[in-house]
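Take a look at the structure below.
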Protein chains: 2
Amino acid sequence: MSSRSMDAVDGQEPRWLSDDELDAWLSYVASSTLLEAALDRQLQRDAGMPHAYYQILAMLSEVPGRSLRMSDLAAITQSSQSRLSHAVSRLECNGWVLREPCPGDRRSTLARLTDAGFEALAAAAPGHVSTVRHHLFDRLSCDQVRQLREICNTMLQGLAADPEQAKRPGPRR
Amino acid sequence: MSSRSMDAVDGQEPRWLSDDELDAWLSYVASSTLLEAALDRQLQRDAGMPHAYYQILAMLSEVPGRSLRMSDLAAITQSSQSRLSHAVSRLECNGWVLREPCPGDRRSTLARLTDAGFEALAAAAPGHVSTVRHHLFDRLSCDQVRQLREICNTMLQGLAADPEQAKRPGPRR
DNA sequence: CAGTAGAAGTTGAACTCTCAACAGCCTGGA
DNA sequence: TCCAGGCTGTTGAGAGTTCAACTTCTACTG
């Protein structure tokens, strides 16, 4: 990743990261890896679900009717359709989510948060928020919280518009 | 996660996130999820390895002898021992890494980057750096890069000292 | 209105990661 | 010296994710 020990062999010498950028990158990778691991560990231990599943329940809980089309739910949880489909299957087994047909478009499926699902979320929320606080917000100044939001929003603009994001290769036949 | 639709049932009302914090958190979760997915996709497609495996090769490449004890390699890649052991097994099958006994401590194992592994890394690096640049550093000001580093380092202090991190339940016998 | 391209969702296989248990080795105090 | 407990690493099972293929349905175009 640094230019110190790596030379390009082809014609196009890539723009390596500067020392400042490399420092920031290594810190970012380390902290985001460890934070996600800590969140998963806490939620798995105390609520029997990984962080990604908590997010699905949380997003459903915030929406009128506590129900969303699978596609929309996938979009707001930064999930692929396949990942979400597997996840909802598991949540359905737990009785936390329910699949039902979508009126008006027979391709679509609605995922609805059940009462049991809402209760599981409500039970999990305090411990989760406390973990997020402990590792993140209790350590940052108000300025840093704003800076973090700005930085992440800037990233999001590029990531959301990523063409790779949407690319879905057709069948081979 | 917000206090708007969730009330604590038990005695201890948790400190919910403020609106600013919630905004920052949702942006953080979304951007880190999408960025990690983009990195994995690019590396998997162009180099046949996920981001975590790239990091293992990269860390090995920066160290004298291109060789580290499994424990030390796990520490600098934010990996559990188990995860690293599985990963190195796979990298060994690719001929990119080699396991060898550690002189002086027969418990330990050294993982060494092979020449083929170094070449695979060198071939993967330009595309990877370019992806990191494209999604992150090309969009941030110098100030923001410094802010990001500060924020992540602050997080790291807490995460590295996390007691959960080290807890390893003993055998049941 | 038929044909077709694309959208929505699911599935199964392969892969990665976590968790718990285990085996081997080292070290300090009795 | 001995051995108890800790360190190091591996393994197998189970859970979650990705990828590619597929089905069904919608909407556009001629």
Side-chain angles (χ1 to χ4, degrees), chain A residues 33-34 36-45 48-56 68-75 77-94 99-111 164-173, chain B residues 33-34 36-45 48-56 68-75 77-94 99-111 164-173:
Chain A
T33 302
L34 291 176
E36 186 62 20
L39 295 176
D40 270 333
R41 228 177 310 120
Q42 185 271 320
L43 278 171
Q44 194 71 65
R45 173 165 49 77
M49 65 182 115
H51 184 210
Y53 288 22
Y54 178 94
Q55 284 184 270
I56 292 172
L68 277 176
R69 288 171 57 232
M70 293 289 285
S71 287
D72 297 332
L73 186 53
T77 56
Q78 296 82 49
S79 195
S80 69
Q81 288 194 140
S82 172
R83 184 219 265 227
L84 181 66
S85 184
H86 286 295
V88 166
S89 296
R90 198 275 233 177
L91 292 171
E92 216 173 5
C93 285
N94 283 304
R99 272 189 246 240
E100 46 193 29
C102 176
D105 189 340
R106 275 186 298 176
R107 287 172 302 182
S108 301
T109 303
L110 294 179
E164 296 297 314
Q165 185 71 9
K167 195 173 64 183
R168 207 173 311 279
R172 180 82 39 80
R173 190 163 54 85
Chain B
T33 302
L34 291 176
E36 186 61 21
L39 294 175
D40 270 333
R41 226 177 313 118
Q42 185 272 321
L43 277 171
Q44 194 71 64
R45 172 167 50 77
M49 64 182 114
H51 184 210
Y53 289 21
Y54 178 94
Q55 285 184 272
I56 292 171
L68 276 177
R69 287 172 57 233
M70 293 290 284
S71 287
D72 297 332
L73 186 52
T77 56
Q78 296 82 49
S79 195
S80 69
Q81 291 194 9
S82 172
R83 181 214 253 217
L84 180 66
S85 184
H86 285 296
V88 165
S89 296
R90 198 274 232 177
L91 292 171
E92 215 172 5
C93 284
N94 282 305
R99 272 190 246 240
E100 45 193 31
C102 176
D105 189 340
R106 275 186 298 176
R107 288 173 302 181
S108 301
T109 303
L110 294 179
E164 296 297 313
Q165 182 72 8
K167 193 172 65 180
R168 206 176 311 280
R172 182 79 41 79
R173 192 162 56 82

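Since the model is a prediction, treat every value here as computed from it, not as a measurement. Protein chains get the first letters and strands the later ones, always in sequence-line order, with residue 1 at the start of each.
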Check your understanding: When you check the phosphate oxygens OP1 and OP2 of dA7(C), does a side-chain N or O of S71(A) lie under 4.0 Å from one of them?
Key -> no
**Study point:** Rounded interatomic separation in angstrom, taking CG from L84(B) and P from dT16(C)
**Key:** 14 Å
Revision key, fill the gap. Closest non-hydrogen contact found for S89(A) with R99(A) is OG-NH2, 2.5 Å
Exercise for review: Answer yes or no: does a side-chain N or O of R83(B) lie under 4.0 Å from OP1 or OP2 of dT16(C)?
Suggested key: no
Point to revise | Distance, rounded to the nearest Å, where L34(A) contributes CG and dT18(C) contributes P | key: 11 Å
Review point. Any idea which of dT10(C), dT17(D), dG12(D) is nearest the M70(A) side chain?
Key: dT10(C)
Check your understanding: If you pin S89(A) and A87(B) to their nearest nucleotides in DNA chain C, which one's is more 5'?
Key -> S89(A)
Exercise for review: Would you tell me if any nitrogen or oxygen in the side chain of S80(A) comes within less than 4.0 Å of OP1 or OP2 on dT18(D)?
Suggested key: yes
Check your understanding: Can you name the nearest heavy-atom pair linking H51(A) to D40(A), along with the distance?
Key -> N-OD1, 2.7 Å
Practice item. Kindly indicate, with the supporting measurements, whether the criterion side chain to side chain contact (heavy atoms under 4.5 Å, CB included) is fulfilled by E36(B) and E36(A). Key: CA-CA 11 Å; E36(B) 186 61 21; E36(A) 186 62 20; over 6 Å; no
Exercise for review: Would you tell me if any nitrogen or oxygen in the side chain of R90(A) comes within less than 4.0 Å of OP1 or OP2 on dA15(D)?
Suggested key: no
Check your understanding: Taking all non-hydrogen atoms of both residues, which atom of L84(A) and which atom of A74(A) are closest, and how far apart?
Key -> CD2-N, 3.5 Å
Exercise for review: Using heavy atoms to find the nearest nucleotide of DNA chain C for S82(A) and Q44(A) separately, return the residue whose nucleotide is more 5′.
Suggested key: S82(A)
Point to revise | Verdict with reasoning, C102(B) to M70(B), per side chain to side chain contact (heavy atoms under 4.5 Å, CB included) | key: CA-CA 10 Å; C102(B) 176; M70(B) 293 290 284; over 6 Å; no
Exercise for review: Assess whether one donor atom and one acceptor atom, taken from the side chain of T109(B) and the base of dT8(D), lie less than 3.5 Å apart.
Suggested key: no
Point to revise | Integer-rounded Å distance: dT17(D) C1' and Q78(A) CD | key: 15 Å
Check your understanding: Counting side-chain heavy atoms from CB outward, which of dT17(D), dA13(D), dG9(D) is closest to H86(B)?
Key -> dA13(D)
**Study point:** R106(B), nearest nucleotide to its side chain (from dA8(C), dT11(C), dC25(C))
**Key:** dC25(C)
Check your understanding: OP1 or OP2 of dC19(D) less than 4.0 angstrom from a side-chain nitrogen or oxygen of R41(B), does that happen here?
Key -> no
Practice item. Take the protein atom CG of L91(B) and the nucleotide atom P of dG9(D), then report the distance between them rounded to whole Å. Key: 16 Å
Practice item. Could you check how far CE of M49(B) sits from C1' of dT18(D), rounded to whole Å? Key: 18 Å
Point to revise | Contact nearer the 5' end of DNA chain D, comparing D105(A) with D72(B) | key: D72(B)
Exercise for review: Measure from CD on Q81(B) to C1' on dA20(C) and round the result to the nearest Å.
Suggested key: 14 Å
Revision key, fill the gap. Closest non-hydrogen atoms of L110(A) and P101(A), given as atom of the first, atom of the second and distance, are CD1-O, 4.0 Å
**Study point:** OP1 or OP2 of dC19(C) under 4.0 Å from side-chain N/O of R45(A)
**Key:** no
Review point. CZ of R99(B) versus P of dT8(D): gap in Å, rounded?
Key: 16 Å
Revision key, fill the gap. Winner on side-chain proximity to R69(B), out of dA8(C), dC26(C), dG9(D), is dG9(D)
Check your understanding: OP1 or OP2 of dT24(D) less than 4.0 angstrom from a side-chain nitrogen or oxygen of R107(A), does that happen here?
Key -> no
Point to revise | Side-chain N or O of S108(A) closer than 4.0 Å to phosphate OP1/OP2 of dA8(C) | key: no
Check your understanding: Over how many whole Å does the gap from Y53(A) atom OH to dT18(C) atom C1' extend?
Key -> 14 Å
